[in-house]
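Below is one structure, written out as structure tokens; the observations come after it.
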Protein chains: 2
Amino acid sequence: MSNNAINAIARGYVVSRAESKCATCSLRELCLPVGLDERETEILGDLINHKFRIRRGEHLLHAGLDFSSLYAVRNGFFKSYVLDSDGRQQVTGFYMTGELLGLDAISSEKHTCNTVALEDSEVCEVPFGKLEEISRSIPLLMHHFHKMMSREIVQDHNIMMLLGSRKAEERLAAFLLNLSGRLAKRGYSSTNFILRMTREEIGSYLGLKLETVSRSLSRLQEEGIITINNKHVRLNDIHRLSQKICGSSD
Amino acid sequence: MSNNAINAIARGYVVSRAESKCATCSLRELCLPVGLDERETEILGDLINHKFRIRRGEHLLHAGLDFSSLYAVRNGFFKSYVLDSDGRQQVTGFYMTGELLGLDAISSEKHTCNTVALEDSEVCEVPFGKLEEISRSIPLLMHHFHKMMSREIVQDHNIMMLLGSRKAEERLAAFLLNLSGRLAKRGYSSTNFILRMTREEIGSYLGLKLETVSRSLSRLQEEGIITINNKHVRLNDIHRLSQKICGSSD
DNA sequence: CGCTCGGTTGACCCGTTTCAAGTAACGTGG
DNA sequence: CCACGTTACTTGAAACGGGTCAACCGAGCG
């Protein structure tokens, strides 16, 4: 077992082993087991010995700790962040159901990000050494794992594009559409959802100050494109929201 | 063979098969074969059937094309970029000897970036399906591949941090130090090197306009921290350059 | 019920972009 | 090898977007 999720263990949040089987998990089509047959899923499930509950505000991972496991989000919502040299925090990603936490740590065998739950959540611990081991005999698992890593790279490239050349309102539009799409894939409403994170966290992720986030959201609302009420967003006009991202050319 | 590197093939830039063996490649310690024994390196080498020469300004990859192979930079220098919806190009990364091109394409099986050589270069084509296949029997290769993907993620996180919260001069400082470190690892001078890319490309990568890049470099020079002469940079005071990155706190 | 934290909005300021002009390096063809 | 056109780069001045500072509001929680 990893020594990273110390909090969770110390507080007795480990969920019973039986519950953690992939075979009966509703995320089979989103998470690592995509496409695996019964037997293969069973093998993968055996590898996941521990499932943790992480309460809102609690950390799952700390930068600097030794890497030994990835964590698959079973339910809930996480943010990852790094502290830069002058102590301010920079959000590097938000993670929802079926997504993998800790991929950044493989390269140096140390975690480079801190990861904290933004709502009460559950994760499955995936011992990475064992994952590599069993993926030798389950090519599909290996391949899907590679896809998940690649997806993280693509996602980061998208953010880099936003940060590099987009104005505040365009960044917000892209951010909302990204959340919308990921929620839709998970069976939630794509037009009506709760922002789990604060304005400051959105701003940190998008390279903006919280005031700018607030102003931009207000402006999108004035234009009738979204309705925003505290943490609750409704996307009224996805088409116009998409247009926001395409420069000012039309 | 992939159909992506069409230019290269059409123009007869394919290098003889014998030359492309990993076993005799000077990059064994940087590239995929890290840590492999003779036999394993042989197997990996057999997989790399083609090596291409890409001349300065020529593309190796185009966004949208089907993915089938990764490309290891054997020598030379590349940039990757995406075209955003209004046609402007955004640089997503620079790649040097021993680094892998095309990792972003695994997730969707389409390339998402364009990749172009910034100087006359050579790459080894690594058919991805076969790489996955042989990595089943060479755990170290699989693990090292995972590390390389993870490294790309970490690198992207670093850029996101730069773009999100750093001022122009700080971004330039970080950029120069990043290049310096990577060059050092490859046995080149860490204080004295050529910028293969234009000011505009640096700016695109760092989320700045070329004029701002130029001004920031000039300012670093005025302060005596670097000497810059056209494309040639000398880092005169790496310590002060590093300090630039640590906010304005000291 | 009151405190705290998160969010909104306004006014001003600063850094980067934009626009513009001029200069230096480079590659090409004569 | 030089002349030329092209591309890359530098530098200045003005405009603008987002940051900063500050006041206020509202929701959630103890």
Side-chain angles (χ1 to χ4, degrees), chain A residues 55-57 79 84 86 88-91 116 118-120 162-176 194-223 226-233 244 247-248, chain B residues 55-58 79 86 88-91 116 118-120 162-176 194-223 226-233 244 247-248:
Chain A
R55 282 217 273 246
R56 180 178 162 188
K79 77 165 174 189
D84 57 14
D86 33 339
R88 267 174 325 178
Q89 113 178 14
Q90 163 93 16
V91 173
V116 60
L118 296 186
E119 59 179 328
D120 293 354
L162 280 192
L163 296 177
S165 55
R166 295 306 183 177
K167 296 206 192 310
E169 217 174 299
E170 299 170 335
R171 295 185 200 186
L172 260 302
F175 176 71
L176 292 174
I194 305 287
L195 295 173
R196 256 48 244 207
M197 69 297 282
T198 66
R199 304 288 190 264
E200 186 169 20
E201 287 162 341
I202 298 174
S204 172
Y205 187 52
L206 297 178
L208 301 167
K209 292 292 154 184
L210 68 97
E211 294 94 329
T212 308
V213 172
S214 181
R215 272 187 257 268
S216 300
L217 289 175
S218 298
R219 201 168 319 131
L220 288 171
Q221 177 161 239
E222 278 164 31
E223 298 178 51
I226 68 172
T227 306
I228 184 147
N229 193 332
N230 205 16
K231 300 248 184 212
H232 192 118
V233 208
K244 282 277 169 195
S248 45
Chain B
R55 281 217 274 245
R56 180 180 161 184
E58 286 181 348
K79 76 165 175 190
D86 34 336
R88 267 175 324 178
Q89 112 179 15
Q90 163 92 17
V91 174
V116 60
L118 296 186
E119 60 178 328
D120 294 355
L162 279 192
L163 296 177
S165 53
R166 294 305 183 180
K167 295 207 192 309
E169 218 174 302
E170 299 170 337
R171 295 185 200 186
L172 260 302
F175 176 72
L176 292 173
I194 306 287
L195 295 173
R196 252 59 237 207
M197 69 298 283
T198 66
R199 303 288 189 265
E200 186 169 19
E201 288 162 340
I202 298 174
S204 172
Y205 187 52
L206 297 179
L208 301 167
K209 293 292 154 184
L210 69 95
E211 295 93 330
T212 308
V213 172
S214 181
R215 273 186 256 269
S216 300
L217 289 175
S218 298
R219 201 166 321 131
L220 287 172
Q221 178 162 239
E222 279 164 30
E223 298 178 52
I226 67 173
T227 305
I228 184 146
N229 194 331
N230 204 15
K231 300 247 184 211
H232 192 117
V233 208
K244 283 277 170 197
S248 46

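We use all heavy atoms of the structure for the numbers below, so side chains are in, but hydrogens, waters and symmetry mates are not. A note on names: the letters A, B, ... follow the listed sequences, proteins ahead of strands, and every chain is numbered from 1.
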Looking only at heavy atoms, which two atoms of [X] and [Y] are closest? And how far apart?
X: A:Gly164; Y: B:Leu163; value: N-CD1, 4.3 Å
X: B:Ser165; Y: A:Gln90; value: OG-OE1, 3.5 Å
X: A:Phe175; Y: A:Leu206; value: CB-CD1, 3.8 Å
X: B:Met197; Y: B:Ile202; value: CG-CG1, 3.4 Å

Tabulate atom names and distances for all N/O pairs under 3.5 angstrom spanning the protein and nucleotides 24-30 of chain D.
none

Check: [Y] and [X] side chains under 4.5 Å, non-hydrogen atoms:
X: B:Leu195; Y: B:Leu176; value: yes
X: B:Lys79; Y: B:Val116; value: yes
X: A:His232; Y: A:Thr227; value: no

Residue list, side-chain contact (heavy atoms from CB on, under 4.5 Å) with A:Asn230, at least two apart or on another chain: none
Nearest-Å distance for atom pair CG/P, residues B:Leu220 and D:dT10: 12 Å
Length of the line joining A:Leu163:CG and D:dG19:C1', which is rounded to integer Å: 16 Å
Near-strand residues of residues 196-205 of chain A, defined as heavy-atom separation under 4.0 angstrom from DNA chain D: none
5'-most by nearest nucleotide on DNA chain D - B:Lys231 or A:Glu169: B:Lys231
A:Lys209 side-chain N/O to D:dT20 phosphate OP1/OP2 under 4.0 Å: yes
Among residues at least two apart in sequence or on other chains, which ones pass side-chain hydrogen bond (donor to acceptor under 3.5 Å, both in side chains) with [X]?
X: B:Arg219; answer: B:Glu169
X: A:Gln221; answer: none
X: A:Lys167; answer: none
X: B:Glu223; answer: B:Lys244

Qualifying residues under salt bridge (charged side-chain N to carboxylate O under 4.0 Å, His left out), relative to A:Arg88, sequence neighbours excluded: A:Asp86
Contact interval (first through last nucleotide) of DNA chain C with protein chain A, 4.0 Å heavy-atom: C:dG7 to C:dA11
Side chains of residues 208-218 of chain A: which donor-acceptor pairs under 3.5 Å do they make with residues two or more places apart or in other chains?
residue	atom	partner	partner atom	Å
A:Ser216	OG	A:Thr212	O	2.8
A:Ser218	OG	A:Ser214	O	3.0

DNA chain C-proximal residues of residues 210-217 of chain A, any heavy atom under 4.0 Å: A:Leu210, A:Glu211, A:Ser214, A:Arg215
Nearest-0.5 Å distance that lies between atom CZ in B:Arg196 and atom CZ in B:Arg56: 9.0 Å
Helical bend (five base pairs per end, nearest 10°) for the helix from C:dC1-D:dG30 to C:dG30-D:dC1: 50°
